[in-house]
Amino acid sequence: MALPFLPGHTYQDPSKTHHPKGRSCAVSGGVAMVSTQAGPDLTEEELAELATRAPTLSYASYSRNKTAAPGSTRGASGAAASASTKQNVPRHVELDKKVLQFFGYFKQTVTESRDEHYRVRHVKMYYYLEDDTLCLIEPAVPNSGLPQGKLLKRQKVPKGKDSGSTWHWKDLNVGVTLTIYGRAFRFTDCDAFTADYLTRNGIVLNDPEETPEDPYSVTRLPVDNPSLTRTGLSKSDFDQLKQFVMLDRKVLRFYAVWDDRDTMFGELRPFVIHYYLVDDTIEVREVNKKNSGRDPFPLLMKRQKVPRNPKDLPADFPSIVFERKPEELQDVLSPADFGIGETVHIMGRNFLLTDCDEFTKEFYRRNFGVEDFSTVDVDFGSAPPAEKPVAPYHGFGDPDDSLQSCLALRPKAPKKDEIKKLEYGNACLRFGAHLQSDAEDNVGTLPGLLRSDKRKFVFAFRLGDDHITINEKKSANSGLWAGKFMEARKVPLPDCDKSQPLYYQAQDFYKGASIVASGHEFVIDSADEFTMKFLKSNGFPDEQIQSFEQD
C-alpha cells in the first residue's frame, strides 16, 4: 500500500547527490523546436563538459553516444556537429545584416520655371538579402526646399504592373535603370561589399558612371559656397569700370524706318534707335506725328540687350520661357552691325537705317574708318489731306451753331470777334424804313386800316456783332400793335448760300436800299443824326452818306 503524498509520509534517498533536469528542446532538420519527449538524463561527465565549454550557437543535430567509454571527450560527435553546421544554418540567420548598397539618381521635371526645367536628385538603394526587400533613401541637401529622406520604405517591389515578379539581387548591377512605381532610377555605383558579393556570385559588374550635375545646384554654387567657385584663371583684360568711365552717356543715334506695308493696314513708320556704348544696350523710340491715329507712346522697345539671332537657343532652354535673361545673352548686336543703309533685325522687325547724328558719324569715322554717310531717301508717300465737306444747313437754329457740329464731336459755341466788339462797343446805327408793297397788296384793304406801305419801322444795327433789331413805330388809329417786330439777330442776304451765308453789313444800309428780313421786304428811307455823324467820321462810302442828304 502506497503512502499518501503528505508531509511526513514522503521518502527521499539522502545518499543521492545527482539531480539532473530533462531536456525540453530538440533540433530537427537544422531548426530548433520544443521536444514532445523528455530526453535521457545527462551523466556527470556530460555536465562537466557543458560547464567548461564556451557558449556557441550551433544548429547541428546532436545525439548522445551511450556506449562511449568513461572519460571520453566525444570528439566524434563534435566533428559531426561542425560538419553539419554549414548546411543547416537558416537563411534569415546566415544573411542577417547583409545589405547591398547602390548609389544612383533620378530626374524630376520642373514646370513653369524659367530658371530650370529638371532637377537631378541623388538616392541610395539598400537591398536586404535576408528577405529580398529594398528601400530608397534620398540624402538631405541643405536649403533644397524639397521633402527628402525615405522615398520608399522597405518592401518587395514588383518589376512591373503585370509582371507578377519582384526585383531580385540578380537583377541589380551598376549602370542599369530600374523602374520603381513608375519612376526611373539610374544606379551609377555601389559599395565594396556589394561589388564583392555580386562578383562572388558570378555577376559581371559594370564600370561605375558619373552622376550628372544638377543645373540649379550649379547656379546656386557661387551663393552657397563662393570658395569653391574660385578658379586659377587669369583676370580678363576687359575693364568694366574703364568702359563706364570712358563711354558713360555716349549714345549712338540712328534714324530708321520700319516698312510694314506688306500687311493689312501696314504703313511706313519712322523710328529713332539709340545704342548705349556703356553697356551695349539698345532703345527704339517712336516718332509721333500729329493726327496719326496712334497713342503718343514714346517707346517701342525699352533699353535692353538685343540678340543677333533670337532663335539661336540652347537645347536645354525651357520652351515655356519667352525671353532670356541678360546674363544668358552671348551674341548680341554691336556697333559693327549698324550703319547707314543697313537693315537691322530687332524683335521681329526689320529697321532700315537712313541717317545718324554728328556724334555717331565721328564715332564710326574714328573707330571703323567709315567716310561715306550718304542719307537714304525714303518716300513716305504722304497723301494730301482729304477735304472735309460741310453738311448742308438744315434750317434749324443759327447756321454758325449748326456748323460747329461738323467741326467737332463736342460742339462749342462759335467764336465771336472780340476785337470788333471792343472797337465799337455798344454803338448802334438807326435807320428808318417802310414796307415795300405793290398796288395789288393794298387792293381790298378794309376801311380804316393802314396801308402796308405806310407802316413805319426803325432798323437798329449793332456794330459790335452785326445784329439787327426791327421795331415798328406807333401809328394812331392803325389797328396794329407797335413795338418790337424782330428780335436781334444776324440777317443773311437773300441770294446767298444757306450753308455759308453772308450777312448784312453797315455798308448795305443806304437810302432806297431793299432789306429782306423775316420774310418781308423793307426800304430804307432815313437815318438819325448819330448815324450820319458816325458814317462821316469812320470813312464810310460817300455814296451812302450822300443818299441820306438828298431830299
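No experiment lies behind these values; they were computed from the predicted model shown. When a residue number appears, it is its place in the shown sequence, counting from 1.
- Leu300 places a side-chain heavy atom less than 4.5 Å from the side chain of Arg349.
- Screening Phe461, Phe509, Tyr504 for a ring-ring contact (aromatic ring centres under 6.0 Å, His included) involving Phe431 leaves a single residue, Phe509.
- Between Thr531 and Lys536 the shortest side-chain heavy-atom distance does not fall below 4.5 Å.
- For the pair Gln148/Pro139, no side-chain contact is recorded, criterion being any heavy-atom separation below 4.5 Å from C-beta on.
- By the neighbour-count criterion of 12 heavy atoms within 6.0 Å, atom NZ of Lys420 is densely surrounded, having more than that number from other residues, nucleotides or ligands.
- Side chain of Asp542 to backbone of Gln544: no donor-acceptor contact under 3.5 angstrom is found.
- Counting heavy atoms from C-beta on, the side chains of Glu286 and Arg269 come closer than 4.5 Å.
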Fill in: Step-by-step side chain to side chain contact (heavy atoms under 4.5 Å, CB included) determination, Phe185 to Val123
CA-CA 8 Å; Phe185 293 86; Val123 295; 3.9 Å; yes
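- The environment of CZ in Arg249 is sparse: at most 12 heavy-atom neighbours from other residues, nucleotides or ligands sit within 6.0 Å.
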Discussion item. Would Ser514 and Glu521 count as a side-chain hydrogen bond (donor to acceptor under 3.5 Å, both in side chains) here? Give the steps.
Written reply: CA-CA 7 Å; Ser514 177; Glu521 185 177 357; 2.6 Å; yes
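- Looking only at side-chain heavy atoms (C-beta outward), Leu352 and Trp258 stay at 4.5 Å or farther from each other.
- Applying the 6.0 Å contact sphere to CD1 of Ile419 captures no more than 12 heavy atoms from other residues, nucleotides or ligands.
- A donor-acceptor pair under 3.5 Å is absent between the side-chain atoms of Asp337 and the main chain of Leu333, judged by distance alone.
- Other residues, nucleotides and ligands place no more than 12 heavy atoms under 6.0 Å from the CD atom of Glu529.
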Practice prompt. Evaluate side chain to side chain contact (heavy atoms under 4.5 Å, CB included) for Asp400 paired with Lys490, printing each intermediate quantity in order.
Written response: CA-CA 11 Å; Asp400 292 340; Lys490 288 184 177 181; 4.3 Å; yes
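- Contact annotation: the side chain of Leu152 approaches that of Ile180 to within less than 4.5 Å [non-hydrogen atoms, C-beta and beyond].
- Other residues, nucleotides and ligands contribute more than 12 heavy atoms inside 6.0 Å of the CZ atom of Arg186.
- Under a cut-off of 6.0 angstrom, the local environment of CE in Met246 is sparse, with at most 12 non-hydrogen atoms contributed by other residues, nucleotides or ligands.
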Discussion item. Apply salt bridge (charged side-chain N to carboxylate O under 4.0 Å, His left out) to residues Arg455 and Glu472 and explain how you reach the verdict.
Written reply: CA-CA 8 Å; Arg455 297 172 62 182; Glu472 185 175 1; 2.8 Å; yes
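- Leu429 contributes atom CG, which lies 6.0 Å from atom CG of Leu535 (distance to the nearest 0.5 angstrom).
- Rounded to the nearest 0.5 Å, atoms CZ (Arg462) and CG (Asp466) are 10.0 Å apart.
- Taking the side chain as every heavy atom from C-beta outward, Thr109 and Thr111 approach each other to under 4.5 Å.
- Using modelled atom types, no side-chain atom of Thr281 and backbone atom of Gln304 make a donor-acceptor pair closer than 3.5 Å.
- Summarising the geometry of Ile524 relative to Ala433, their closest heavy-atom pair is CD1-CB, 3.8 Å, with the distance given to 0.1 Å.
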Practice prompt. Verify salt bridge (charged side-chain N to carboxylate O under 4.0 Å, His left out) between Arg253 and Glu358, making sure each step is shown before the conclusion.
Written response: CA-CA 9 Å; Arg253 176 181 294 179; Glu358 292 299 328; over 6 Å; no
Practice prompt. Begin with the C-alpha distance, continue with both residues' side-chain angles, and end with the deciding distance and a verdict on side-chain hydrogen bond (donor to acceptor under 3.5 Å, both in side chains) for Ser518 and Arg489.
Written response: CA-CA 11 Å; Ser518 296; Arg489 65 178 180 180; 2.9 Å; yes
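- Within the 3.5 Å criterion, the main-chain N or O of Ser374 finds a donor-acceptor partner in the side chain of Asp372.
- Arg303 forms a cation-pi arrangement with Tyr276, by the criterion of a distance under 6.0 Å to the ring centre and an angle within 45° of the ring axis.
- Between Phe485 and His520, the ring planes lie perpendicular to each other; the angle is over 60°, past the 30° to 60° tilted range.
- Between the side chain of Tyr255 and the backbone N or O of Pro270, no donor-acceptor pair lies under 3.5 Å.
- Cation-pi contact between Lys107 and Tyr118: present, with separation from the ring centre below 6.0 Å and deviation from the ring axis of at most 45°.
- Residues Val332 and Arg308 share a closest heavy-atom pair of O-NH2, 3.3 Å.
- The environment of Phe359 atom CZ is dense: over 12 non-hydrogen atoms of other residues, nucleotides or ligands sit within 6.0 angstrom.
- In this structure a side-chain-to-backbone donor-acceptor pair under 3.5 Å is missing from Thr360 to Cys356.
- Other residues, nucleotides and ligands contribute more than 12 heavy atoms inside 6.0 Å of the CG atom of Asn367.
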Discussion item. Assess the residue pair Val245 and Lys242 against the criterion (side chain to side chain contact (heavy atoms under 4.5 Å, CB included)); give the C-alpha distance rounded to whole Å, side-chain angles, the decisive distance to 0.1 Å, and a yes or no.
Written reply: CA-CA 5 Å; Val245 173; Lys242 181 180 178 180; 5.8 Å; no
Practice prompt. Test Gln108 against Arg121 for side-chain hydrogen bond (donor to acceptor under 3.5 Å, both in side chains), laying out the working first.
Written response: CA-CA 7 Å; Gln108 180 183 14; Arg121 300 177 63 175; 2.8 Å; yes
Practice prompt. Start with the C-alpha gap between Lys124 and Leu136, add the side-chain angles, then the distance that decides, and say whether side chain to side chain contact (heavy atoms under 4.5 Å, CB included) holds.
Written response: CA-CA 6 Å; Lys124 292 181 180 180; Leu136 294 172; over 6 Å; no
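- The line from CG of Leu407 to NZ of Lys412 is 11.0 Å long, rounded to the nearest 0.5 Å.
- Contact between Leu252 and Phe254 at its shortest, heavy atoms only, is CB-CE1, 3.9 Å.
- Here the closest non-hydrogen pair linking Pro212 and His122 is O-CE1, 4.4 Å.
- Here the closest heavy-atom approach between residue Tyr503 and residue Asp508 is recorded as O-OD2, 4.3 Å.
- At least one side-chain heavy atom of Tyr275 sits under 4.5 Å from a side-chain heavy atom of Asp280.
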Worksheet item: Stepwise, does the side-chain hydrogen bond (donor to acceptor under 3.5 Å, both in side chains) test hold for Tyr510 with Glu543?
Response: CA-CA 8 Å; Tyr510 55 89; Glu543 293 79 4; over 6 Å; no
Worksheet item: Yes or no on salt bridge (charged side-chain N to carboxylate O under 4.0 Å, His left out) for Glu283 and Arg285, after CA distance, side-chain angles and deciding distance?
Response: CA-CA 7 Å; Glu283 175 188 71; Arg285 303 184 68 89; 3.7 Å; yes
Practice prompt. May I have the step-by-step check of salt bridge (charged side-chain N to carboxylate O under 4.0 Å, His left out) for Arg365 and Glu371, ending in yes or no?
Written response: CA-CA 6 Å; Arg365 188 180 294 112; Glu371 295 295 338; 3.6 Å; yes
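- In terms of heavy-atom proximity, Ile273 sits nearest to Ala256 at CD1-CB, 3.9 Å.
- Between Phe522 and Phe457, the angle of the ring planes goes over 60°, which puts this pair in the perpendicular group of the 30/60° scheme.
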